[in-house]
Each structure stands twice: as C-alpha cells, then as structure tokens.
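The next block holds one structure in the form of structure tokens; read it before the comments.
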Amino acid sequence: MRRLRLGALALAFFAIPLQAQKFEGLALTPPMGWNSWNRFGCNVDEKLIRETADAMVASGMRDAGYQYVNIDDCWHGTRDSLGFIRPDPQRFPSGMKALADYVHAQGLRIGIYSDAGDKTCGGRPGSRGYESQDALTYARWGIDYLKYDWCNTQGLAAVGAYTTMRDALHRAGRPIVFSVCEWGDNKPWDWAKPVGHLWRTTGDITHCWDCEQDHGIWSSWGILRILDKQKGLRVHAGPGHWNDPDMMEVGNGMTVNEDRAHFSMWAMLAAPLIAGNDLRTMSAESRAILLNREVIAIDQDSLGVQGWAYESSPSGVEIWFKPLANGDWAMAVLNRAATPQPVHFDFAHEYLSDGHSKREAKFGEITYAIRDLWARRELGTTARPLAATVPGHDVLMLRLVKR
Ligand code: GLA
C-alpha cells in the first residue's frame, strides 16, 4: 500500500512538467504598453523606468489601456554564487522588487527581458541552463511580462527552448505574459500558440517608412517592409495568441503622417501596441496618435481577428478590412506612395467574405454609417461611393458602423 502511494507520488511529481502550460487568459486582447529598446537601446536604468511609469499615467496612456512598462536588454548584472541573476547594481541600485512595487503602485505592470541562449543580444547573461532559477527570480520580483530573445542559441531548437521557459514560468506560479522573440525564423505561428501569448513575426523594426537597414549579418526593417511580411499570418492569431510585428516607432523620427499610418496599420493587424518612444518628452502629435481611443478600440476589439489587405492598386493605395465583435468593420485606406492619391471605392459593388472569421458584409444589401477615426467625424454612409484623397504615407482610418 505504502509502496503504491509512493509510486503514485513519484508519478505525480514527474507528471508536473508534462502538465505544464502557458498561463491562459492573460492576453485576450493584444498587450499594450511600452518597451525601452527602440528609443533607449542599452541605456536603461531605474530612473528611466520610474519616470516612464509616471509619464504613462500623466499622459493618459494608462487610462487608455496601456499597461506594461517593459525593460528590454541590458538591465542585467552578474549571477550570484548560487546562479541567481541580479540587476546591474549601478543602473538599478534599488533592485527589481522595489522597481516592480513602484510600477505596480501606479496601477501598471512591469516586464523584463531575457534570452534563450548563453548571452542576450546585448551580451548580458542569458537564461540557458538557468531557466527555472530565472523564472523563480522574476516571480519573486513581481514581474508580469517576459520577452524572451533568440541570440546566441547555437545548438538549441526553438520549440524546446521556448517550451522549457514556458514550463519554468508556469512552475514559478506567477502569471507572466510570455513574449516569444525569435524573429519568425522558426515559423512560431505554427507552434507557439500553446507556448506564448505573442510571437515576433519578423526581424527588428526601425523608424523609417520603407527601408532596409543592413547591419551585416542581420537587417532591420521599415514600417511597410514589416507590414508586407505579415501576409498569410492572420489565420494564426486570436485571443491569447498574437502575431507580433514588433514594437512601435511612433514618435521616434518619422513624419506625423507616417506615425499615424504605422499606428493605424498595427491596429488593423491586431498587433500588440507597445510604444517605443520617450514618453517623458513626447510631442503633442505623438501623444494624440498613441491616445486615439477609437483606433485603439479597433486593435483591442474582443473578436480578435487580424485584418487583411482586400485590394491594392498600382498607385500604392491599399484597402484593408477587419471585422469587429459587434458587427461593425474597420476599414483602412493606406497610401504607400509619397504623393497624395485619390481613392474611389464603390461599396455597392463590393462584397466582403472572410473565410477565416466567417464574417461577411454585403454592402449592396446593408448600409453602414462611416466614421472617420482620425478626423473624428461622420463621413456619410456606404450607400454612396467613398471618394477621398489620402496624403502621402498616410491613411484614412474608418469604422463602418452597423445601423
Ligand atoms: C533583438 C530583439 C530586439 C531587442 C534587442 C535587444 O534584436 O529583436 O527587439 O530586444 O534584441 O538586444
């Protein structure tokens, strides 16, 4: 009897890893927040994180839905004699627990960064071989979000490495959003749904409209380049598991039109909305973009269906649609060209049928009211053709409201 019970106990113990899973219910809409990397690179310290949390509240971003304050690469110090990771004592003298407490006290959540390999991309200690210890440490500090990168992973298989960290986080017991960041190299959309809450689909973004920045063995990509790489991926995303076309570059040097188009298209993609600019000093224009609640609502719509390019013309105009939970549709007219372009769209002759979401819009039979989400005004109805001019590198962002 006793032997039997011991056997059952052992079985239960060894069964734990098999039962491990990701934390469910954490990202039913795409995560929203801020991350240090795009603007600050390795220059992170506790003062920046505290001030960013303050700015997130003061700017109204928290109340608009931005939740996570995420520290990217280079926060790390060395491991202690037992192998536990410590923050850089110069940059984070108060320690991570105190910083997490501060961020939580502002009604926000805090995120951190590590890497599946021996070292992070910035050369700091990676989590390879220390997954359980690191997960425990993050849980003790009160971390809510982990971005897990893929540098220096020679000999590792992505599915296994990310699953190892998922299981470690789950065993540590604190619900943590798990952000898979292997740049789409191993087609994470095919395997990461039970592993993480979001997965990067591409290499790194950079703040240009349509460029490739060559860094030797890797490239970073402008807004249109990243957008084009999302083709075909929409069927993999949904509540709790999102395609991640990378953090935003709004406020980092592009024109206001480009920033507006970037933000709108990320909303059409149901992308995580992770700001990457300096929130403490941002311009009124950047703030107005990041805080447009009607555009945010398109991104955060509970149906969780990623939009698609319905039509594109040689002039560089693309028409995108995204179905919404209440029967409305989001529609974006993107002008990829540098010069203003006319758009003429005769709804009456168009019929949207989305096999993925099983939604359709028979514009010939049902009339929708049109709301312009950037001009914040009504534009008539779909009973008449839409005729407009879209400025260069800009967008017309509409909500077709079911009446
Ligand atoms: C990789 C990631 C970036 C950033 C840097 C940090 O390039 O894709 O988003 O985290 O590493 O070194």
Side-chain angles (χ1 to χ4, degrees), residues 30-45 48-49 52 68-77 85 87-88 91-92 110-128 134 138 143 145-154 156 158 161-162 165 176-189 192 196-208 211-223 225-227 229-230 242-253 262 266 269 271-278:
M32 292 175 66
W34 173 89
N35 174 293
S36 53
W37 183 257
N38 285 355
R39 174 67 181 79
F40 296 97
C42 266
N43 289 320
V44 287
D45 58 26
L48 170 67
I49 302 305
T52 298
Y68 295 97
V69 181
N70 292 349
I71 315 167
D72 208 276
D73 206 348
C74 304
W75 59 266
H76 320 67
I85 189 71
D88 181 318
R91 293 166 182 261
F92 295 89
I110 187 165
I112 213 161
Y113 162 100
S114 188
D115 187 290
D118 301 319
K119 285 191 166 140
T120 70
C121 300
R124 305 307 196 269
S127 289
R128 185 173 186 170
D134 285 357
Y138 305 150
I143 298 297
Y145 187 115
L146 172 67
K147 172 175 165 185
Y148 204 49
D149 216 340
W150 192 240
C151 279
N152 308 303
T153 50
Q154 290 73 9
L156 277 180
Y162 281 93
M165 192 41 131
I176 289 182
V177 170
F178 190 34
S179 157
V180 173
C181 176
E182 53 72 85
W183 322 305
D185 283 5
N186 303 275
K187 298 195 166 68
W189 43 87
H197 301 93
L198 59 159
W199 51 79
R200 280 275 295 279
T201 54
T202 70
D204 288 7
I205 197 168
T206 188
H207 53 278
C208 67
C211 72
E212 173 179 355
Q213 229 172 60
D214 187 351
H215 304 272
I217 51 167
W218 63 286
S219 286
S220 49
W221 308 93
I223 306 307
R225 301 297 182 98
I226 299 252
L227 185 66
K229 290 175 196 286
Q230 310 308 313
W242 307 102
N243 288 315
D244 174 9
D246 207 357
M247 308 167 298
M248 294 187 290
E249 291 283 12
V250 172
N252 280 343
H262 168 29
W266 262 230
L269 291 172
L273 295 181
I274 308 291
N277 56 322
D278 188 342

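Each ligand, and each atom within it, is numbered from 1 in the order the structure gives.
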Parallel, tilted or perpendicular, judged at 30° and 60°: which one describes the rings of His262 and Trp266?
perpendicular
Output for ligand 1, non-hydrogen cut-off under 4.0 Å, lists Trp37, Asp72, Asp73, Tyr113, Cys121, Gly122, Lys147, Asp149, Cys181, Trp183, Arg200, Asp204, Met247
For His197 and Ile176, work out which heavy atoms get closest and say how close.
CE1-O, 3.6 Å
Going by the rule side chain to side chain contact (heavy atoms under 4.5 Å, CB included), which residues pair with Lys187 if we only count those two or more places apart in sequence or in a different chain?
Trp189, Asp190
Under the criterion side chain to side chain contact (heavy atoms under 4.5 Å, CB included), I'd like the reasoning laid out for Thr120 against Trp75: C-alpha separation, chi angles, the key distance, then a yes or no.
CA-CA 11 Å; Thr120 70; Trp75 59 266; over 6 Å; no
For Ser36, check side chain to side chain contact (heavy atoms under 4.5 Å, CB included) against everything at least two apart and list the hits.
Trp34, Val44, Asp72
Which residues pass the salt bridge (Lys or Arg N to Asp or Glu O under 4.0 Å) test with Arg124, sequence neighbours left out?
none
